[in-house]
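Note sheet for the following structure.
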Amino acid sequence: MSPTVDLPALVERLGVPGMPGELELALVHRSYSYENGRIPTNERLEFLGDAVLGVVVTDYLYREFPDLPEGQLAKMRSAIVNAHSLAQVAKGLDLGSHVLLGRGEESTGGREKVSILADALEAVIGAVYLEFGVEGARSFILSTFDSLINTVRDLGAGLDWKTSLQELAAALGYGPPEYVVSGDGPDHARTFTAQVQLGDRLYGHGSGRTKKHAEQEAAQTAFEQLRAEVDA
């Protein structure tokens, strides 16, 4: 595929006991495939890795926090396996420098894109699972996500700001929060901004490369603003 991919260096960074047979495939983004005879992409491995990651994290949270209700466990899992969290873990592994991208994605900063990094990490998890089985995948996931998992247990409302804001707004007699979102810039570098409307007032402010990220940031600042009003 590409002689520039240093697989041994990546294997060392991943901390797995050997070279997964499908590791190079896990790095093939569809943009590279389109420009190179439509070779197989990492999308099937991503599908597999997503499922493996979900099972391992869910099993760990269930066993580690026996007293937490289902809703809190679901928030914790969501905070761990969402695309932004996966992209941060991928950056820690320098996975972006190993992904095979087409020229178009390369020129528009594809190695830093949340979706590409998150998908590549899930594909790598799929490759690790195929090579080393459930226990090998479990060991890799728990060691790789250790810092994130330890952080999530202390996040409280920050596990899901939108849900936390909705719960606070309902407790205060407001209707469901509505998000006012606008976008600016070209498609490949678009920035979204968001505010939260509660009744006839606007709260908070958020921005990000995706609507979801902007809305979560707006929900956080709106939650903090609303909480400050209640506590005043």
Side-chain angles (χ1 to χ4, degrees), residues 10 13-14 25-33 41-58 60-61 73-102 104-106 108-129 137 140-153 155 157-165 179 181 183 185 187-194 206-221:
L10 179 57
R13 196 173 294 114
L14 295 176
L25 177 60
L27 304 173
V28 181
H29 186 257
R30 62 177 176 271
S31 63
Y32 184 88
S33 170
T41 73
N42 65 2
E43 292 175 355
R44 281 172 52 85
L45 281 173
E46 172 205 334
F47 168 78
L48 176 61
D50 174 67
V52 173
L53 175 64
V55 169
V56 169
V57 171
T58 300
Y60 175 83
L61 295 176
L73 292 174
K75 286 183 180 181
M76 293 178 73
R77 179 178 60 192
S78 178
I80 294 168
V81 304
N82 71 74
H84 285 277
S85 294
L86 294 180
Q88 289 303 312
V89 173
K91 287 180 180 179
L93 296 170
D94 192 29
L95 193 56
S97 67
H98 297 274
V99 176
L100 295 168
L101 297 175
E105 280 291 356
E106 188 78 64
T108 58
R111 297 190 186 281
E112 296 294 321
K113 287 185 178 179
V114 167
S115 60
I116 290 177
L117 290 172
D119 291 350
L121 180 56
E122 288 180 336
V124 167
I125 291 171
V128 170
Y129 167 77
F140 169 67
I141 291 168
L142 294 183
S143 63
T144 304
F145 285 75
D146 179 64
S147 178
L148 177 60
I149 291 172
N150 288 333
T151 299
V152 160
R153 73 177 69 199
L155 281 177
L159 285 170
D160 183 350
W161 288 111
K162 292 181 72 173
T163 299
S164 297
L165 176 63
Y179 292 83
V181 183
D187 289 343
H188 69 272
R190 199 161 183 77
T191 299
F192 294 92
T193 58
S207 62
R209 293 292 298 273
T210 66
K211 289 182 180 179
K212 183 176 181 179
H213 185 79
E215 289 177 355
Q216 281 286 354
E217 192 172 284
Q220 176 182 353
T221 55

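Keep in mind it's a predicted model, so treat the numbers as computed, not measured.
Remark: L142 CG to I149 CD1 distance equals 5.5 Å, nearest 0.5 Å. Here the straight-line distance linking atom CG of L95 with atom CG of L121 works out to 6.5 Å at 0.5 Å rounding. Interatomic distance, CG of L45 versus CG of D50, reported as 12.5 Å (0.5 Å rounding).
Residues satisfying the side chain to side chain contact (heavy atoms under 4.5 Å, CB included) criterion with L48, sequence neighbours excluded, are V52, Y129, L130. By the side chain to side chain contact (heavy atoms under 4.5 Å, CB included) test, E46 pairs with E43, D119, E122, A123, sequence neighbours left out. Annotation: side chain to side chain donor-acceptor pair (under 3.5 Å) contacts of T144 (sequence neighbours excluded): none. Annotation: side chain to side chain contact (heavy atoms under 4.5 Å, CB included) contacts of K211 (sequence neighbours excluded): V181, F192. By the side chain to side chain contact (heavy atoms under 4.5 Å, CB included) test, T108 pairs with E105, K113, H188, sequence neighbours left out.
The backbone N or O of V99 lies less than 3.5 Å from a partner atom in the side chain of R111, making a donor-acceptor pair.
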What pairs of donor and acceptor atoms, side-chain ones from residues 83-92 against any protein atom, are under 3.5 angstrom apart with sequence neighbours left out?
unit_1, atom_1, unit_2, atom_2, d
S85, OG, A79, O, 2.7
S85, OG, N82, ND2, 3.1

In sequence, state the C-alpha distance, the side-chain angles, and the governing distance for V56 and I125, and then conclude on side chain to side chain contact (heavy atoms under 4.5 Å, CB included).
CA-CA 11 Å; V56 169; I125 291 171; over 6 Å; no
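Closest non-hydrogen pair, N42 versus L25, comes out as CB-O, 3.3 Å. Annotation for L10 and L93: closest pair CD1-O, 4.4 Å, computed over non-hydrogen atoms. Taking all atoms of both residues into account, the shortest heavy-atom contact from K75 to T163 is CE-CG2, 3.7 Å. For the residue pair A194 and A214, the shortest heavy atom distance occurs at CB-O, 3.7 Å. Scanning all heavy atoms of the two residues, the minimum distance from E215 to Y179 falls at O-CE2, 3.6 Å.
Using a 3.5 Å distance cut-off with no hydrogens or angles, the side chains of T41 and R30 do not pair a donor with an acceptor.
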